[in-house]
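Side chains included, hydrogens not; waters and symmetry mates left out as well; all remaining heavy atoms used.
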Amino acid sequence: MQGLMMDYPLTLDRIIEHANHIYPHKSIATKQPDGSFHRYTYADFYKRVKRLANALVTLGVEIGDRVGTFAFNNYQHMELYFGIPGVGAVCHTLNIRLSPDQLAYIINHAEDKVIFIDGPLLPLFEKLVGQIDHVKHFVLFNAPKGVTTQLPNVHHYEDLMTAANEEFTWLATDEKLAACMCYTSGTTGNPKGALYSHRSMYLHTLGVCQANSLGITEMDTVLPVVPQFHAMAWGLPYGCLMAGANMVMPGPHLQPKPLAEIIDNYRVTVAAGVPTIWTGLYHELKSNPRDISCIRALVVGGSAMPRALIEGYEKDLGVNVIHAWGMTEMSPLGTVSILSSEQRALPDAEKWDIKAKQGYPIANVEMRIVNEVGEALPWDGTTMGELQVRGPWVIKSYFKVEPNADSFTADGWFRTGDVATISTDGYMTITDRTKDLIKSGGEWISSVALENALMAYPKVMEAAVIAIPDQEWAERPLATVVLAPGVEQVTETELMAHLAPQFAKFQLPDRILVLKAIPKTSVGKFDKKVLRQQYAEGQLG
């Protein structure tokens, strides 16, 4: 017998309608390129999104078309997050940190019809002139009227908005319609597209707002430092509108000092970003103290946050850190590491050990670890296996790519490429990427464990460990570090002495090199592919 329920499509326009009806007074503030702030209410935002929808139709955008965005985190980008899906098109956020060749490949592969470009990024985008095929219109915002450009068919955002009507009937009536698309950063091979439906994004938004997840509420002021091109800013723009939270967008101002000022001045309660952002902010606050006790959740994802940095934020700054994990293919939120009621009574050191884990799966995300032949492994906190996930916001294939066994199992699980353990109480810990594990003399060595231990040393700010070829042992670990601000030198001997009590002798790196900078990917992770290439070419000494 079927349930007698209303047919209520879960489309993203439901979120903005709810925000306009219940939270019209809430606000979105953006730090502009010139340092000033633009601020308006959800009611203002709602009207402008409807104008944008009309403008998109005028430009010939139809249901299913891909519309690209090449922008920082700002209010115009927020409008695009809702306006593009509102006309039944796909909001395709382009990664501003990719190379011109990768961007050209992505735009051509996605067949973007219109691209919206943030003014300060125009010189970067113009490097693609002559390389992209399908784009019919380019729209500029935060750019002066008289700006010169080699791009054809250029419009100015505010001109389109002024000419457009505020009345619009949303066109996305089917929750299975594609709403958003992000491409992976392409660390191996060409980037791959993850296409999200209205339904998956709506359910993901509910996941973001779960009390045992990020728990965003009407009382919050949220600062998404994670770029809007990075897996839809982890779903925070949709979560904030659904919950009625105020938002502060940093624009191009991603350096530690302006971020500290924004948090202090706007009394931010939830801030989200990758570990490299929070490393820089921590050292800024230690040098130039500010009151950031307003933060109830410093959300970190993208890669593992060193336990020592978690301890520093909580002990030195009184800030609660929430480790989160997910992937572009997961929309992206999968797990959070929040202490249970029983764990809150533990000694601080044990609590920080738990918070350094990637955490438990939020409701509607299932996970398992398996061995080489796909058999499920026990959740005992020590057994390592390949991490696999499934759920209503996990993709079942890549855009224009047939599902294959490298990424998807026959019984419907996504293969993350991570190696993990899961404790008896469900807390997952990433021990490494499958491609980053070091196999020395038949024994596995975790590069992540070595990195975290090195970054716990006061003189070290960043650390990355890679496998290098070895004639006798097949592979050996090579460690690279960047010194903390104000530290002029550190010896390999003292770093080895720091590591020795924590690791077996065979697990210690053969060498530890001090670098001025560790290469990073477009989303702020350590780029070990580049490190391995630099080693192979003799650049690391």
Side-chain angles (χ1 to χ4, degrees), residues 2-23 26 42 45-46 49-50 52-53 56 61-67 78-93 168-182 193-218 222 228 231-245 247 326-334 361-366 389-397 399 412 414:
Q2 294 183 342
L4 304 177
M5 307 304 295
M6 288 184 179
D7 182 13
Y8 187 87
L10 301 179
T11 51
L12 293 178
D13 54 90
R14 307 284 190 186
I15 295 175
I16 190 172
E17 289 289 343
H18 175 72
N20 182 56
H21 286 134
I22 308 303
Y23 310 112
K26 289 308 186 80
Y42 279 8
F45 173 75
Y46 176 81
V49 171
K50 289 223 162 183
L52 173 60
L56 288 164
V61 174
E62 299 177 339
I63 289 176
D65 285 340
R66 273 74 69 196
V67 177
M78 280 289 297
E79 291 167 359
L80 291 163
Y81 261 47
F82 285 90
I84 295 170
V87 301
V90 180
C91 180
H92 175 204
T93 56
F168 186 83
T169 301
W170 306 116
L171 299 181
T173 56
D174 184 350
E175 65 179 21
K176 294 180 181 178
L177 272 177
C180 310
M181 182 158 64
C182 297
L195 189 64
Y196 313 133
S197 68
H198 280 261
R199 179 178 186 272
S200 73
M201 287 308 301
Y202 193 102
L203 292 173
H204 182 267
T205 305
L206 292 175
V208 168
C209 293
Q210 287 175 27
N212 287 335
S213 175
L214 302 187
I216 299 170
T217 76
E218 176 272 340
V222 178
Q228 286 186 252
M232 307 307 292
W234 302 346
L236 289 169
Y238 298 121
C240 289
L241 267 288
M242 179 177 280
M247 297 188 73
M327 301 180 71
T328 301
E329 292 88 345
M330 299 172 63
S331 305
L333 189 59
I362 65 173
N364 295 316
V365 173
E366 293 183 52
V389 295
R390 67 182 180 184
W393 54 75
V394 180
I395 66 167
K396 64 179 181 180
S397 65
F399 183 57
F414 172 66

Asks: Provide the closest heavy-atom pair for Met201 versus Cys180 in the form atom of the first, atom of the second, distance.
Replies: CG-SG, 4.2 Å
Asks: Calculate, to the nearest 0.5 Å, the distance between atoms CG and CG belonging to Leu214 and Leu236 respectively.
Replies: 6.5 Å
Asks: Do Met327 and Pro332 touch side chain to side chain, with heavy atoms closer than 4.5 Å?
Replies: no
Asks: Does any non-hydrogen side-chain atom of Ile15 lie less than 4.5 Å from one of Thr205?
Replies: yes
Asks: Atom NE2 of His21 and atom CD1 of Ile16: how far apart are they, to the nearest 0.5 Å?
Replies: 11.0 Å
Asks: Which label fits Phe45 and Tyr42: parallel for a plane angle under 30°, tilted from 30 to 60°, or perpendicular past 60°?
Replies: tilted
Asks: Please report the shortest heavy-atom distance between Ala194 and Ile395, naming the atom on each side.
Replies: CB-CG2, 4.1 Å
Asks: Are the aromatic rings of Tyr196 and His204 close, with centres under 6.0 Å apart?
Replies: no
Asks: Do Leu177 and Arg199 come within less than 4.5 Å of each other through their side chains, counting heavy atoms only?
Replies: no
Asks: Roughly how far, to the nearest 0.5 Å, is CG of Leu195 from CZ of Arg66?
Replies: 8.0 Å
Asks: Go through Leu80 and Leu52 one step at a time and tell me if the side-chain contact (heavy atoms from CB on, under 4.5 Å) criterion holds.
Replies: CA-CA 8 Å; Leu80 291 163; Leu52 173 60; 3.8 Å; yes
Asks: At their closest point, which heavy atom of Val61 faces which heavy atom of Ala89, and how far apart are they?
Replies: CG1-CB, 3.6 Å
Asks: Apply side-chain contact (heavy atoms from CB on, under 4.5 Å) to residues Tyr23 and Glu218 and explain how you reach the verdict.
Replies: CA-CA 8 Å; Tyr23 310 112; Glu218 176 272 340; 3.8 Å; yes
Asks: Would you name the heavy atoms of Ile84 and Cys91 that are closest together and state the gap between them?
Replies: CG2-N, 3.5 Å
Asks: Measure the spacing between CG of Leu56 and CD of Glu62 and express it to the nearest 0.5 Å.
Replies: 12.0 Å
Asks: Give, for atom CG of Leu12 and atom CZ of Phe82, the distance between the pair rounded to the nearest 0.5 Å.
Replies: 6.5 Å
Asks: Within this structure, what is the CH2-CE distance for the pair Trp234 and Met330, rounded to the nearest 0.5 Å?
Replies: 13.5 Å
Asks: Among Val208, Ile216, Leu206, which residue meets the side chain to side chain contact (heavy atoms under 4.5 Å, CB included) test with Met242?
Replies: Leu206
Asks: Below 4.5 Å, heavy atoms only, C-beta onward: do Met232 and Cys182 meet side chain to side chain?
Replies: yes
Asks: Taking all heavy atoms of Thr173 and all of Thr11, pick out the closest pair and write down the distance.
Replies: C-CG2, 4.4 Å
Asks: Should Tyr81 and Tyr238 count as side-chain neighbours, where that means a heavy-atom distance under 4.5 Å?
Replies: yes
Asks: Please determine, by modelled atom types, if Glu175 and Tyr8 share a side-chain donor-acceptor pair under 3.5 angstrom.
Replies: no
Asks: Going through the checks in order, is the side-chain contact (heavy atoms from CB on, under 4.5 Å) test met by Asn212 and Ile362?
Replies: CA-CA 7 Å; Asn212 287 335; Ile362 65 173; over 6 Å; no
Asks: May I ask you to decide if Ala245's main-chain N or O and Lys26's side chain share a donor-acceptor pair within less than 3.5 Å?
Replies: no
Asks: Heavy atoms only: give me the nearest Asp7-Pro9 pair and the separation to one decimal.
Replies: O-CD, 3.6 Å
Asks: Can you tell me if Lys396 uses its side chain to pair, donor with acceptor, with the backbone of Gly412 under 3.5 Å?
Replies: no
Asks: Quick one, Ser197 and Lys176 - any side-chain contact, counting heavy atoms below 4.5 Å?
Replies: no
Asks: Run the side-chain contact (heavy atoms from CB on, under 4.5 Å) check on His198 and Leu10 step by step: do they pass?
Replies: CA-CA 6 Å; His198 280 261; Leu10 301 179; over 6 Å; no
Asks: Give a yes or no answer on whether the side chain of Trp393 reaches the backbone of Leu333 with a donor-acceptor pair at less than 3.5 Å.
Replies: yes
